[in-house]
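Note that these values count all heavy atoms, side chains included, but never hydrogens, waters or copies made by symmetry. This structure is a prediction, so every number in the text was calculated from the model and none was measured. Here is the naming used below: chain letters follow the sequence lines, and residue numbers restart at 1 for every chain.
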Amino acid sequence: MEQYEPKGIEAKWQKYWENNPELYSADNASDKPKKYILDMFPYPSAAGLHVGHVESYTATDIASRYWRAKGFNVLHPQGWDAFGLPAENYAIKTGVHPDKVTHENIKNFTRQIKSLGMSYDWSREIDTSSPEYYKWTQWFFLFLYENGLAYKKKAKVNWCDSCQTVLANEQAEGGICERCKNAVVQKDLEQWFFKITDFIENNKDTSGLLDGLDKLDWPESIKAAQRNWIGKSFGAEVDFVLENSTEKITVYTTRIDTIFSGTYIILAPEHRLVEKITTAENKAAVEGYVEESKKKTELERTGLEKNKGGVFTGAYAINPANQEKIPVWISDFVLANYGTGAVFADAHDERDFAMAKKYGIPLKVSIRPQDEDGNKWEKIKNLEECHSDDGILVNSGQFDGLTSAEARPKIIEWIAAKGLARKMVNYRLRDWLVSRQRYWGAPIPIIYCDKCGEVAVPKGDLPVVLPTDVDFKPTGESPLANSKTFHDVKCPKCGGSARRESDTMDTFVCSSWYYFRYIDHMNNMEFAAQEKIQKWLPVDLYVGGAEHAVLHLLYARFFTKALHNLGHIGFDEPFLKLRNQGMILAEDGRKMSKSLGNVVNPDDAVAVFGADSLRIFEMFMGPLEDAKPWNTQGIVGVKRFLERIWRLQEKITDEDGKSIRSLVQKTIKKVGDDIEMMKFNTAISAMMILVNEAEKIGMTRESYRLFVKILSPFAPHIAEEIWGKLGNAESVFVSAWPDYDPGLIKDEEINLVVQVNGKMRDMLKVGADIDQDGAKAVALESEKIKAYVAGKEIRKIIFVPGKLLNIVV
RNA sequence: GCCCGGGUGGUGAAAUGGUAGACACAAGGGACUUAAAAUCCCUCGACCGCAAGGUCAUGCGAGUUCGAGUCUCGCCCCGGGCACCA
C-alpha cells in the first residue's frame with residue numbers, strides 16, 4: 001500500500017472543506033442545542049502565526065468538532081483584532097499605509113490557519129478595522145455616552161517629549177518610551193473615560209465585576225488577578241481639623257488601629273489644600289517640591305527608592321484620637337488619585353517610618369507584636385525597627401490590649417461619634433481611559449461646536465470614517481487633527497462651524513464587544529439582532545492567553561454588564577467558561593523570541609511533518625494550561641503514531657479479539673470524557689494504547705471505523721482520508737459521535753491488589769464482582785500473603801470492591 | 001512585599017486517598033539489511049541479589065489514615081502576575 005503522505009492528503013481535504021462550508025457553519029435556523037466556542041481573536045502581526053496560536057486554536061477546534069458530532073449547533077468563528085500600534089509604527093517608519101500592511105498580514109494569517117485544518121465558520125469573519133465593524137464600536141461609544149458612562153476630563157497621561165505624543169501604558173513600560181527610549185513624563189490632557197467603576201459592585205440586578213466572578217468557570221489565577229486589579233479595601237476616612245483654619249484634612253486608612261501613633265500627616269503634592277495651608281516661610285520649599293514632582297518621570301516617582309523625600313508645609317492639624325497637634329507634610333509617594341490623596345503617618349508603616357527618620361519627625365509606637373519576642377519588641381519600642389503587622393494595641397487609651405482586628409471597628413465608632421470618622425471602602429480600579437492620540441483606531445464620534453459645545457454624532461451618521469489624507473508623523477496631536485477632510489465639520493445641532501474629536505479609541509474597545517458581532521456580522525441596523533443574541537450568547541467556552549487576565553477580560557465584562565444593566569441583554573457575564581493555554585517555550589526551555597533566534601514557525605512544522613502531526617503533538621505535550629518546551633523529537637514521534645494508524649489499514653481482521661472489542665469501547669468513553677474536560681494529552685495516550693493493541697492483533701473494519709471517528713477531531717485530514725478508504729461516501733464530520741457500550745466496558749476479571757499493612761504484597765486475578773469474604777479467602781490461599789500473615793492475628797480487613805484488599809495484622 | 005501556580009525517572013508527563021512512573025521522547029541491546037534509513041523485538045527510577053525477591057524513592061520536615069504524589073501544618077526552591085494603594 002502507499003505510504004502516509006500528509007502533504008497531498010491535507011491539501012485535498014482542506015480544499016474539500018473550503019468547498020463544503022456547511023460542514024462547519026453555525027445554523028441560525030436549527031433547533032439543536034447551541035455551543036458558542038470562541039478563540040481570542042488574534043492581532044494580525046507581521047510575524048505571522050505563533051505555535052502558541054496553534055495550541056489554543058487546536059484545542060477549540062477539537063472541542064468544536066466533538067460537540068458538532070454530539071449533535072450540537074456549534075458556533076466557532078474567527079476574526080481579526082486589526083487596529084493597533086505596530087502597523088502604525090511601521091507606517092511612520094516606511095510610509096506604507098497601516099490598512100495595507102494589516103490586510104497583507106490578515107491574508108497570511110488566514111492562509112496559515114487554513115493550512116492547519118481549523119473548522120472555523122469563515123462566513124462570519126470580522127475585521128475591527130473595517131467601517132462596517134467600527135461603525136458599531138462607535139455606536140457603543142455613543143450608547144455609553146448617552147447613558148452617562150462615557151465622559152471627558154483632564155487626566156495625567158504618559159507623554160514622550162521626543163516623539164511628541166501620548167503613549168499607551170503598554171508603550172511606556174518602566175517609564176521609558178518604547179520607540180525612542182526617552183523617559184516618559186506625566187502631562188495633563190483632556191481625555192475620554194468609560195465609567196467602569198460603576199460596575200465594580202452589583203448594580204441593580206447586574207452582578208458586579210467583583211461578585212460576578214464567583215459564578216464563572218474560570219481559572220482561579222485569572223479571577224484572583226481581576227480581584228487584585230480591582231483592589232477593594234476596607235477602611236475608614238478620618239478628619240484631621242487644621243489649626244487656625246476652618247478646613248480639615250480627610251485621610252483614608254485601613255489601619256485605624258494605629259491612629260494613636262499618628263504623629264504627622266502627608267498630602268500628595270497635588271492635594272487641593274497644599275497651596276492654601278502652606279505658611280509663608282515654607283512657601284518656597286513647598287512650591288519647589290511640587291514643581292519637582294511634576295517634572296519627575298514615572299520611573300523616578302514610582303522607583304523603589306527607600307529614602308522617602310518630602311517637605312513640611314508649616315501647617316498643623318489635630319489628631320482626633322488624642323487631640324495632639326501634628327505637622328502636615330507633603331510627599332509624592334502619596335498618590336493623589338487613590339483614597340483622599342492624604343494619609344496620616346506613623347511608626348507602623350515602612351514608608352512613614354523611613355521618612356520620619358530622615359527628617360527627624362517624632363514617632364510613637366501603638367502596636368506591640370502578638371508573639372512574645374522581647375528582643376524584637378525592645379527594638380520596636382526604641383524605634384529602631386518598624387513593625388507594620390497587626391498586633392496588640394498599646395498607648396491607645398481605652399483600646400489598650402485589644403488586637404488590631406478587634407480595635408478597628410471600635411475606634412471607628414468612637415471617632416465617628418465625634419463626627420470625625422466614617423467607614424469607607426476604596427478601590428484601586430479607576431475609570432478606563434479610552435482616548436488615544438493615534439491614527440490606526442476607531443475615531444471617537446464626537447463633534448465640538450463653537451455654539452453648542454460637545455455634540456454626539458447622530459447615530460444615523462455613523463460610521464465616522466477614518467480619513468486617508470493624514471500624515472503619520474507624530475506631532476503631539478492626533479494625526480486625524482491635520483486631516484482637513486476629517487477635522488472641519490458642520491455641527492449636527494445648529495449647522496454652524498465645528499470640528500471633530502481627533503482622538504481614536506483604545507483598541508481594547510473594539511475587542512470588548514466582538515463576540516456579539518460574529519452572531520450577526522452583516523447586520524446594518526443593530527450591532528446584533530435581539531433574537532440572535534438570545535440564541536447564541538453567552539459564550540460557552542473561551543480560550544486564549546493568560547496575558548489578557550485583566551485588561552481585555554475585564555473590559556469585555558464591563559461592556560456586557562452595561563448592556564445588561566440598561567436592559568439590552570438578559571445575561572451579565574460574556575464568557576461562562578475560560579481556559580488559558582500555557583506558553584510554548586523554545587526547545588532550550590526559554591521563551592521563544594526573535595532575538596534569541598529560537599522561534600518555531602508553524603509553517604515549517606506543517607511543511608515537514610504535516611498539520612495533523614503538529615496538532616496532535618501540541619495537544620500531547622502536556623496539559624493545555626501548562627507551559628511546555630517544544631521538542632522536535634516529540635513531533636517526530638507523533639508522526640510515527642499517525643503512520644502506524646495509517647498502516648492499520650493492512651491489519652483489518654474478520655473478527656475482533658476480546659481485548660480489542662472492550663478496548664475500543666473504553667477508548668471511546670475515555671476520549672469523549674477527556675475532550676469534555678479539555679484533557680487532550682490523556683485522550684491521545686488512550687488512542688495510542690488502542691493502536692498498540694490493534695497493531696499486535698488487528699481489528700475489524702467496524703472497530704477501525706470507530707477509532708478513526710474519535711481520532712477525527714484531533715487529526716481531521718488523515719481521518720477523512722481513511723474514512724473514505726473505508727468506503728464512507730460522506731465526510732467523517734457528518735457522522736455522529738459513537739456511543740460506547742457500558743456492558744463491554746466492564747471487565748469480567750480484575751487484578752485484585754492484596755496489601756498487608758498497607759504494602760502491596762500480591763496481585764490476584766479474580767472475578768470482577770468478588771466480595772470481601774471471597775477476596776479474603778483467595779488472598780489467604782496465596783503463598784506470598786501467607787508468608788506475611790502466618791502466625792499473626794488479623795486485626796482488620798479493608799476491602800475496596802473491584803480493586804483492593806488490605807489485611808492489617 | 002502581596003496574590004496565583006508548580007516541584008514525580010535522562011526528558012515531556014500519568015495517577016476518583018488504594019499497584020507511583022500509564023503514554024511518549026531520548027538512551028542501550030538485538031532482529032532484518034552488503035550497509036544505512038525505515039520497521040520490528042527487548043531493557044530502561046536507585047540500591048542489594050544469579051534469580052525469586054527485597055529495601056528505598058513523588059522538594060524538605062512533621063501530622064491525619066489500614067493506606068498519602070494526592071489531605072493538614074511548617075519550611076525550602078522555581079515560574080507567573082501585581083506592586084509606594086496608606
Side-chain angles (χ1 to χ4, degrees), chain A residues 3 219-229 231-233 235 251-256 258 262 266 268 301-306 308 331-335 337-346 348-352 354-355 388 426-430 546-547 549-550 580 582-583 585 587 589 616-617 620-623 625-638 640-641 643-644 647 679 681-692 695-696 751-763 784 787 795-800 802-809:
Chain A
Q3 283 204 326
E220 208 37 61
S221 58
I222 302 284
K223 292 193 196 181
Q226 294 216 349
R227 289 191 189 104
N228 245 316
W229 189 265
K232 186 175 187 173
S233 80
V251 306
Y252 174 71
T253 181
T254 56
R255 288 299 305 276
I256 200 162
T258 65
I266 314 171
R301 213 168 144 164
T302 62
L304 289 178
E305 188 193 331
K306 274 269 143 53
K308 298 301 173 191
S331 175
D332 61 11
F333 81 79
V334 175
L335 306 172
N337 51 16
Y338 181 77
T340 59
V343 299
F344 79 80
D346 73 347
H348 298 291
D349 178 282
E350 301 276 0
R351 299 155 301 178
D352 301 348
M355 181 168 162
S388 57
N426 247 303
Y427 304 94
R428 270 174 39 194
L429 182 72
R430 283 172 257 154
E547 68 274 16
V550 270
N580 298 122
M583 209 186 315
L585 305 168
E587 200 140 12
I616 294 199
F617 168 63
F620 185 57
M621 288 166 86
E625 60 278 9
D626 286 9
K628 317 159 270 267
W630 180 267
N631 176 352
T632 301
Q633 276 310 319
I635 189 167
V636 170
V638 168
R640 277 205 291 262
F641 170 57
E643 283 164 350
R644 286 162 55 213
R647 287 197 300 267
K679 291 169 66 175
N681 53 331
T682 48
I684 292 166
S685 78
M687 292 191 280
M688 286 174 168
I689 290 168
L690 176 60
V691 168
N692 288 345
E695 236 174 8
K696 279 182 213 145
N751 289 318
L752 182 77
V753 171
V754 183
Q755 298 181 332
V756 179
N757 292 336
K759 277 191 193 274
M760 192 190 77
R761 295 303 180 187
D762 202 0
M763 188 145 64
K784 286 180 191 163
R795 293 195 309 200
K796 201 170 178 182
I797 296 275
I798 311 281
F799 180 65
V800 183
K803 217 159 223 168
L804 167 139
L805 183 80
N806 186 14
I807 302 168
V808 185
V809 293

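- For A/K803, there are no salt bridge (charged side-chain N to carboxylate O under 4.0 Å, His left out) partners two or more places apart in sequence or in a different chain.
- Only the P atoms considered, B/C76 is 49 Å distant from B/U39, to the nearest whole Å.
- For the residue pair A/N228 and A/R428, no side-chain donor N or O sits within less than 3.5 Å of a side-chain acceptor on the partner.
- For the OP1/OP2 pair of B/A15 and a distance below 4.0 Å, the side-chain nitrogens and oxygens of A/K679 include at least one atom meeting the criterion.
- Mapping A/S233 and A/V638 onto RNA chain B by nearest heavy atom places A/V638 closer to the 5' end of the strand.
- Pairing partner, B/C40: B/G30, with both Watson-Crick or wobble hydrogen-bond distances short of 3.5 Å.
- An anti orientation is assigned to B/G80, its glycosidic angle lying beyond 90° of 0.
- Pair check for B/A46 finds B/U55; Watson-Crick or G-U wobble, both atom distances under 3.5 Å.
- When both distances must be under 3.5 Å, the Watson-Crick or G-U wobble mate of B/A35 does not exist.
- Across B/U11 and B/C60, the matching P atoms stand 16 Å from one another, rounded to whole Å.
- Contact annotation: A/Y252 side-chain N/O to B/C85 OP1/OP2 distance is not under 4.0 Å.
- With sequence neighbours left out, A/R761 forms a salt bridge (charged side-chain N to carboxylate O under 4.0 Å, His left out) with no residue at all.
- Distance CZ (A/F641) to P (B/A24): 8 Å, rounded to an integer number of Å.
- Across all strands shown, B/G17 remains unpaired; no Watson-Crick or G-U wobble contact has both distances below 3.5 Å.
- Within the structure, a side-chain polar atom (N or O) of A/N692 is placed less than 4.0 Å from OP1 or OP2 of B/A24.
- If you check B/G5 for Watson-Crick or wobble pairing at under 3.5 angstrom, you find it paired to B/C78.
- Minimum heavy-atom separation, A/L585 to A/A627: CD1-CB, 4.4 Å.
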What's touching nucleotides 64-67 of chain B from the protein side, N or O pairs under 3.5 Å?
residue : atom : partner : partner atom : Å
B/C66   : OP1  : A/K796  : NZ           : 3.2
B/C66   : O2   : A/N806  : ND2          : 2.3

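- With sequence neighbours excluded, the residues satisfying ring-ring contact (aromatic ring centres under 6.0 Å, His included) with A/W630 are A/F617.
- Summarising the geometry of A/E350 relative to A/S388, their closest heavy-atom pair is OE2-OG, 4.1 Å, with the distance given to 0.1 Å.
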Which protein N or O atoms sit under 3.5 Å from an N or O of nucleotides 47-55 of chain B?
residue : atom : partner : partner atom : Å
B/G54   : OP1  : A/Y788  : OH           : 3.2
B/U55   : OP2  : A/R761  : NH1          : 3.4

Please write out each protein N/O paired with an N/O of nucleotides 80-82 of chain B under 3.5 Å, distance rounded to 0.1 Å.
residue : atom : partner : partner atom : Å
B/C82   : O2'  : A/R428  : NH2          : 3.2

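- Pairing for B/G12 goes to B/C23, judged as Watson-Crick or G-U wobble with the two contacts each under 3.5 Å.
- The distance from atom CG of A/D762 to atom P of B/U19 is 15 Å, rounded to the nearest whole Å.
- Side-chain nitrogen and oxygen atoms of A/R640 include none within less than 4.0 Å of the OP1 or OP2 phosphate oxygen of B/A24.
- Note: CG (A/L585) to P (B/G6) measures 17 Å, nearest angstrom.
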